[in-house]
Chemist: 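Let me give you the structure first, and then I'll get to my questions.
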2 protein chains.
Amino acid sequence: MVTMHDVARHAGVSVSTVSYVLTGARPISPATRKRVLAAMAELDYQPNAMARGLASRRSRILGLLMPMDDRGTGATETAFVTGAAEAAARAAHHLLLSPIPAGDVDALRRLASQRILDGALVMEVQMEDPRVEVLRELGVPFVLIGRTRDTTGVPFVDIDFDHTVRGAVEHLLDLGHRSIVFVNHSQEALASGYAPALRTQESFTTVMAEHGLEPLVVTAEDTAAAGRAALRTALVQCPGLSAVLAMNEHALFGVLGELALQGLKVPDDVSVVSMVTSAQVADLATPALTTMTSPGSTLGRLAVEVLLRTLEGSGGPSHQELVTCSLEVRGSSGHLRRTPERTPGGVASR
Amino acid sequence: MVTMHDVARHAGVSVSTVSYVLTGARPISPATRKRVLAAMAELDYQPNAMARGLASRRSRILGLLMPMDDRGTGATETAFVTGAAEAAARAAHHLLLSPIPAGDVDALRRLASQRILDGALVMEVQMEDPRVEVLRELGVPFVLIGRTRDTTGVPFVDIDFDHTVRGAVEHLLDLGHRSIVFVNHSQEALASGYAPALRTQESFTTVMAEHGLEPLVVTAEDTAAAGRAALRTALVQCPGLSAVLAMNEHALFGVLGELALQGLKVPDDVSVVSMVTSAQVADLATPALTTMTSPGSTLGRLAVEVLLRTLEGSGGPSHQELVTCSLEVRGSSGHLRRTPERTPGGVASR
DNA sequence: ACGCTTCGTCGAAGCGTTTCGATGATTCCT
DNA sequence: AGGAATCATCGAAACGCTTCGACGAAGCGT
């Protein structure tokens, strides 16, 4: 392994000079700098990350705290990771992937105490997330992807769920729909404090109320079967249903299947809008889904940039930013045509 | 930060003794060990990863070389990562996620030279993958997830594509199908050496030939639109088509949409089997897809275990293992009913 | 020409571990 | 009983880098 010593000898300078060329911590004359750089190139020198990390107390590694329950596994999350990875790479940092569950405080404490992370990106943030306290206590800078209920002094980037719901609902209202059902994640997800589900549901209720409409909500596990059941429930509660607003991609595909089985055409009989969904997933359905498109990779990039800026040591106020989902109208939403007649009591599949 | 020194002082022993308790490199008497462990617990000591890494030349970090092109982003890959992360965590190792493209030899060389990785898991392996040579040259142990054309001396775990194709084809043959079209990834993917596409296609050709059948193959970009077009092409080339075998999930959903538009029912008119597909994705379709289910998380776990075993320093022969996809029959495949009549020249959507 | 800054560089002391050789204290064999 | 072998522990030298104080050589004003 070629070390700084070798470079120094080869360039006829001291090790510290080589170090300064690399870090820029002190000015070095152009002549020496050039010689040092030449020596590095010639010897194909790469700094040893561990040594640098030990001496500088900066590992250049960012932790990606990504609990891997079944939910957090969609195309949106993947795009997020991609964006984060690219931003990190651009800044010569690395991303360390940790699947620690949001509730496993001990594991997080262990990880953070190893001083292997310069900072952390916290995914799958819950309304009351114990990780915030742990990281703060251990002095590990962090940025939430998502946000807790109380966000005072906590840096985060998140999706503007209120804006997203409004955009989706207003799109449907513009098309003439009045009977809209909101298909959310499961009761358990809500109970466990899964923030996107809670926030969107609250916004939905508010927005519908603002328009003097009844906010119909059904919940479903993240499976197609649950989606089917959810739609049947919705049709019972509101037979005149003309639009579905979804915050649960997996269930939504079940909804679509069930709609087809019941002889309801999309978008002629029922319009469908999926929120926080990627174009890739939207395309899987026929017709392609109208979505509030998730800003996946943007969010990831942003999170890394905010975190790195924090590490630079600005003692400024913690950065908080909401990024919006944009409406992309595809084939699944259209003008209200008529109150569909249908045979009551849908037929089960197969 | 509490260091080994603190622990040593607190326990009344030398630092080296503390180290030996931790690493087990030398025997320590039960009495001292107990005192040391007590001191650690009391002080809430966590070893500094950087210092340990520098001194031991073992970072306990495994690189996950995961090129993030559009393709490698499905549920199968996610499951893989999940499995790997869990296996690594169990062995007290970390996973460092690097999105370096397969072709970017320089970036890989830079990463590997930093000595930040104990070993690497190589994803998205191509038939001729330059990364193998780089890693070997730089002395970084690795395991391929996938495999190159020439696998002599290269440790890998991969899916048994031949078995997968056989399983799928035989399932369809058993149901009476004879006109089967294989929907593969794009021409470019094939040309660039994307191994799963090449291997499955070859197996398909072979297996069909073994049964005296014509192997019809169409290629498609990984989009629904391309899938639609692919199906239309297939119907022109083989109007009597009764089954679709897919190696391209995204295109497959286009295929399903186009089938519906053409008035062809699944599985009554056309049976569909998707290969290397997760149950999650299978469920998105209605009816749910019959699949050769990808062993995602198993593969990830296995890869990490193999790599760790390699790091333990067994000079044995390089571990090579193929793991099979298992047939899961869902609603999309059924007995051949009849040669479907149809209006020639499908109607484009919308 | 004098001291005073400023500039560029050097040497050495860490950073928190691991690991190697050495050192007493025991135990064992004859 | 005496020397060899074994055992548990210690001290110190790495590991490859960063960073701090120091120092000679220029450049400055007066």
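All values derive from a computational prediction rather than experimental measurement. Residue numbers begin at 1 in each chain, while the letters A, B, ... track the order of the sequences. Basis for what follows: all heavy atoms, side chains included, without hydrogens, waters or symmetry-related copies.
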Chemist: OP1 or OP2 of D:dT18 sitting under 4.0 Å from any side-chain N/O of A:Thr23?
Modeler: no

Chemist: Taking any heavy-atom pair under 4.0 Å as a contact, classify A:Ile28: base, sugar-phosphate, or nothing.
Modeler: sugar-phosphate

Chemist: Check whether any side-chain nitrogen or oxygen of B:Ser29 sits under 4.0 Å from OP1 or OP2 of D:dT9, and answer yes or no.
Modeler: yes

Chemist: Could you state the interatomic distance from CG (B:Leu96) to CG (B:Leu62), rounded to the nearest 0.5 Å?
Modeler: 9.5 Å

Chemist: Just to be sure I understand the rule, does A:Ser16 reach a base, reach only the sugar-phosphate, or reach nothing, if contact means heavy atoms closer than 4.0 Å?
Modeler: base

Chemist: Between the base of D:dC17 and the side chain of A:Tyr45, is there a donor-acceptor distance below 3.5 Å?
Modeler: no

Chemist: Separation of A:Arg35 atom CZ from C:dC10 atom P, in whole Å?
Modeler: 8 Å

Chemist: Please report the distance, rounded to the nearest Å, between CZ in A:Arg58 and P in D:dT19.
Modeler: 10 Å

Chemist: Is any N or O donor-acceptor pair between the side chain of A:Tyr20 and the base of C:dC7 shorter than 3.5 Å?
Modeler: no

Chemist: Nearest 0.5 Å, what's the CE-CD distance between A:Met68 and B:Glu86?
Modeler: 8.0 Å

Chemist: Using whole Å, report how far CG of A:Asn48 lies from P of C:dC15.
Modeler: 19 Å

Chemist: Tell me the partner of C:dT5, counting only Watson-Crick (N1-N3 plus N6-O4 or O6-N4) or G-U wobble (N1-O2 and O6-N3) with both under 3.5 Å; none if nothing fits.
Modeler: D:dA26

Chemist: Verify the contact: side-chain N or O of B:Ser56 to OP1 or OP2 of C:dT17, cut-off strictly under 4.0 Å; return yes or no.
Modeler: no

Chemist: Answer with yes or no whether the side chains of A:Ser19 and A:Ser16 bring together a donor and an acceptor at under 3.5 Å.
Modeler: no

Chemist: Using the side-chain heavy atoms of A:Ala51, tell me which of these nucleotides is nearest: C:dA12, D:dG16, D:dT18.
Modeler: D:dG16

Chemist: Closest to the B:Ser19 side chain: C:dG16, C:dT18, C:dA12?
Modeler: C:dT18

Chemist: Is there a donor and acceptor pair closer than 3.5 Å between the side chain of B:Arg26 and the base of C:dT19?
Modeler: no

Chemist: Starting at NE2 of B:His5 and ending at P of D:dC10, how long is that distance when rounded to a whole Å?
Modeler: 12 Å

Chemist: Quick check on side-chain contact (heavy atoms from CB on, under 4.5 Å): which of B:Glu124, B:Met123, B:Arg131 does B:Leu65 satisfy it with?
Modeler: B:Arg131

Chemist: Output the single nucleotide from D:dC17, C:dG16, D:dC10 whose closest atom is nearest the side chain of A:Met4.
Modeler: D:dC17

Chemist: Starting at atom CG of A:Leu22, determine the distance to atom C1' of D:dG16, rounded to an integer number of angstrom.
Modeler: 12 Å

Chemist: For residues A:Val7 and A:Glu42, determine if any side-chain heavy atom of one lies less than 4.5 Å from a side-chain heavy atom of the other.
Modeler: no

Chemist: What's the spacing between B:Glu321 CD and B:Arg147 CZ if we round to 0.5 Å?
Modeler: 12.0 Å

Chemist: When the nearest nucleotide of DNA chain D is assigned to B:Arg57 and to B:Thr17 on a heavy-atom basis, which residue is associated with the more 5' position?
Modeler: B:Thr17

Chemist: Starting at atom CZ of B:Arg9, determine the distance to atom P of D:dC10, rounded to an integer number of angstrom.
Modeler: 14 Å

Chemist: From the set C:dG8, C:dG14, C:dG16, return the single nucleotide nearest to any side-chain atom of A:Ala55.
Modeler: C:dG14

Chemist: Quick one: A:Lys34 NZ to C:dG8 P, roughly how many Å, whole number?
Modeler: 17 Å

Chemist: According to a strict under-4.0 Å criterion, is A:Ser14 in side-chain N/O contact with OP1 or OP2 of C:dC10?
Modeler: yes

Chemist: Round to a whole Å and report the spacing from CE of A:Met1 to C1' of D:dA14.
Modeler: 15 Å

Chemist: Would you kindly compare A:Met50 and B:Arg33 by the position of their nearest DNA chain D nucleotide and give the one closer to the 5′ end?
Modeler: B:Arg33

